[in-house]
Amino acid sequence: MRRAVPTVVWLIAFVHLAVALTQTAVFPNARSPDERQQVDLVVQVVEGMAWPWPDPGTAFMTEGIEAGYFVPVDRLAAEQHLADRDDVPQRGERPSYAEAGGSTLTDGHRNQLIQHPPLYYLLGAAVVTTIPGWADQPFDAVWMLLRWGNALLTASLPILLFLTAKRLGLAEPLPVVAAATPLVVPELTHIESSINNDNLLIVLAAAATYLVARVLTGDLRWRTGALLGLVTSLALLTKGFALLMPAWIVFAYVVAGARERRSVAAVRGLLVAGAAGVPGALWWLRNVVVHGTLQPHGTHTEPPDLTPVHGWSDGGWDWLARFAERMVTLFFVNDHDSSRSLDSSWWMARVVLVVVVVGIGAALVHRSVPRSIALVLLFPVPALAGIVARGSWEQFAAFGNIAAAQQGRYLFPGIVGLMVVAVAGAAPLALARRRWVLPGLLALAVAIHTAFWHDVWALYWLPADTRAGSLGAIARAVEAIAYWYPFPPVLLGVVLVAGLAAAGLLARWAIREAISPVQPQRMKEPVA
């Protein structure tokens with residue numbers, strides 16, 4: 001791996017990890033999607049309450065989970081001004097899981113996440129059990145350790161992007177550019193910094209994308225098929241969106257067999273992949289046999305009646321407009337007050353979307369990646385969007401809800417294929433111009449993160465009595481973040497300084513490569 005991945009890509013991976021670890025402090029506990037329920041289910045596994053896995057509609061939230069956070073978990077009605085609050089105990093004196101009620105179940109507050117398979121929660125439980133006497137420790141610190149675990153879990157994403165682009169033969173330095181693309185999606189690093197089963201699915205889907213790229217470029221060995229099936233099996237034990245992966249793998253092998261004219265080898269590889277994926281598929285077969293449905297409902301013992309009572313004329317255009325807007329906005333950024341304000345981060349999301357779409361269009365027009373391969377790599381994004389749209393439409397048709405299940409983060413399992421094809425759009429450029437793609441992408445990343453973090457700080461941390469742009473307000477916000485952080489602030493400072501230093505080295509390398517004379521030799525790597 002060290003020989004296959006150049007130093008600059010490891011540098012990108014470190015910057016990516018540093019951003020995610022920094023975001024663990026910027027976003028208060030429980031302010032990420034379903035994070036309270038995710039942590040609750042992890043500790044229920046530790047306590048033996050959610051293992052064996054509960055039946056649909058039978059899991060209630062525990063009282064102890066309330067010890068881990070100090071902000072509302074529902075929609076925020078206004079800016080929080082957390083720098084002004086003085087009701088949070090000092091670090092180390094905050095309540096423990098046991099002090100807040102432990103595993104005593106709440107009345108009527110069900111945990112809907114039991115609709116998912118258990119693999120992610122088993123892994124989270126393994127992390128919690130490494131903490132001696134975890135139930136009696138300040139629970140916000142236990143929560144933060146789980147957040148760090150998620151950030152580390154997804155730290156390999158830039159490397160998988162690089163390896164995928166390299167396997168497809170993208171011209172230099174585009175594989176390095178592909179590795180840096182997670183930096184232009186702040187919502188991705190936000191999810192990575194939180195406790196969410198999306199993270200395990202994202203990294204498994206990224207690994208599967210790399211293996212699919214190998215298949216599409218002629219690697220039809222049984223070992224590759226076995227690895228692809230194993231990754232798929234693990235993904236199927238993580239989240240329902242992985243159900244698209246078997247169809248995706250069939251698509252990949254069909255295209256590979258036709259391109260390579262090796263139908264027998266393709267069929268053999270597909271059969272091996274299918275056999276290796278059986279353990280994960282058995283979970284969903286169990287659901288059908290035991291519960292009579294592929295994916296049971298989380299909060300109901302029986303699936304709710306989804307008989308359509310609303311049609312397109314009852315607000316279909318409103319549903320479609322909101323769906324399209326949410327899938328774009330909540331893919332790139334997030335508005336945690338759900339105000340759908342057309343703020344700076346909202347507009348930056350559109351800017352990055354245009355760049356991605358233009359890149360994909362250029363790749364398809366110029367065949368920078370063979371079109372059949374590009375279509376296979378892009379397949380997960382429209383497939384996931386279709387699954388989400390179907391579920392959202394069912395809720396609208398049954399209950400008139402135009403906003404149900406509209407989360408752009410659901411498309412993240414397809415991000416590797418999406419970004420690699422988008423970056424391939426720059427392949428027709430001359431080398432002297434291609435070298436400027438990485439500096440341009442880094443500048444775009446700085447712009448969208450600046451907009452994103454401005455909105456987040458304004459919503460959560462800046463004080464009410466100080467002008468938002470003043471240095472005094474920023475200093476008070478920084479002080480509040482350091483005070484609220486469950487770990488010693490020096491650790492956060494080390495992460496921030498190291499991340500900034502790595503980002504500076506990365507920018508320096510990118511600019512030096514861009515301005516250096518074009519030579520018929522491999523591009524230099526940064527000095528370690």
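The figures here come from the full heavy-atom set of this structure, side chains too, leaving out hydrogens, waters and symmetry mates. This structure is a prediction, so every number in the text was calculated from the model and none was measured.
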Would you list the pairs meeting side chain to side chain donor-acceptor pair (under 3.5 Å) in which at least one residue belongs to residues 122-147, sequence neighbours left out? Glu35-Trp143, Glu35-Arg147, Arg94-Asp140

Without hydrogens or angle criteria, can the side chains of [X] and [Y] be said to hold a donor-acceptor pair below 3.5 Å?
X	Y	result
Asp343	Ser345	yes
Gln112	Thr299	no
His16	Glu192	yes
Gln37	Asn111	no
Arg31	Tyr460	yes
Ser103	Tyr97	no

Can you confirm whether [X] sits close enough to [Y] that some side-chain heavy atom of one is under 4.5 Å from a side-chain heavy atom of the other?
X	Y	value
Phe139	Ile65	yes
Val19	Thr22	no
Tyr210	Val416	no
Leu320	Trp393	no
Val328	Trp346	no
Trp51	Tyr121	no
Phe332	Glu187	no
Phe331	Phe412	yes

Measure from the side-chain N and O atoms of [X] to the backbone N and O of [Y], and report whether any donor-acceptor pair falls under 3.5 Å.
X	Y	result
Trp461	Val26	yes
Trp248	Val376	yes
Asp84	Pro463	no
Arg91	Tyr485	yes

What are the two closest non-hydrogen atoms of [X] and [Y], and how far apart are they?
X	Y	result
Ala242	Pro246	O-CD, 3.6 Å
Leu160	Ala206	CD1-CB, 3.7 Å
Leu201	Phe241	CD2-CB, 3.9 Å

Please check if the distance between the ring centroids of Phe27 and His190 is under 6.0 Å. yes

Between Phe323 and Trp319, does the ring centre distance come in under 6.0 Å? yes

Could you walk me through whether Val203 and Ser156 satisfy the side-chain contact (heavy atoms from CB on, under 4.5 Å) test, starting with their C-alpha distance in whole Å, then the side-chain angles of each, then the deciding distance to 0.1 Å, before giving a yes or no? CA-CA 8 Å; Val203 75; Ser156 62; 3.5 Å; yes

Could you walk me through whether Tyr483 and Asp86 pass the side chain to side chain donor-acceptor pair (under 3.5 Å) check? CA-CA 10 Å; Tyr483 179 83; Asp86 57 3; over 6 Å; no

Check step by step if side-chain contact (heavy atoms from CB on, under 4.5 Å) holds for Tyr410 and Lys239. CA-CA 11 Å; Tyr410 293 151; Lys239 198 161 185 174; 4.3 Å; yes

To the nearest 0.5 Å, what is the distance between CZ (Arg476) and NE2 (His81)? 10.5 Å

side-chain contact (heavy atoms from CB on, under 4.5 Å) assessment of Phe487 paired with Leu492: CA-CA 8 Å; Phe487 294 163; Leu492 186 60; over 6 Å; no

Pair Met327, Leu411 - check side-chain contact (heavy atoms from CB on, under 4.5 Å), show working. CA-CA 8 Å; Met327 296 304 287; Leu411 307 184; 3.8 Å; yes

Begin from the C-alpha positions of Gln23 and Thr189 and carry the test side chain to side chain donor-acceptor pair (under 3.5 Å) through to its verdict. CA-CA 8 Å; Gln23 286 181 307; Thr189 48; 2.8 Å; yes

Kindly check if the number of other-residue, nucleotide or ligand heavy atoms within 6.0 Å of CD (Glu99) is above 12? yes

Taking only distance into account, with no hydrogens and no angle test, what donor-acceptor pairs under 3.5 Å do side-chain atoms of residues 270-292 form with protein atoms, sequence neighbours excluded?
unit_1 : atom_1 : unit_2 : atom_2 : d
Trp284 : NE1    : Leu236 : O      : 2.8
Asn287 : ND2    : Leu294 : O      : 2.9

Could you work out, with salt bridge (Lys or Arg N to Asp or Glu O under 4.0 Å) as the rule, every residue matching Glu66, not counting sequence neighbours? Arg36

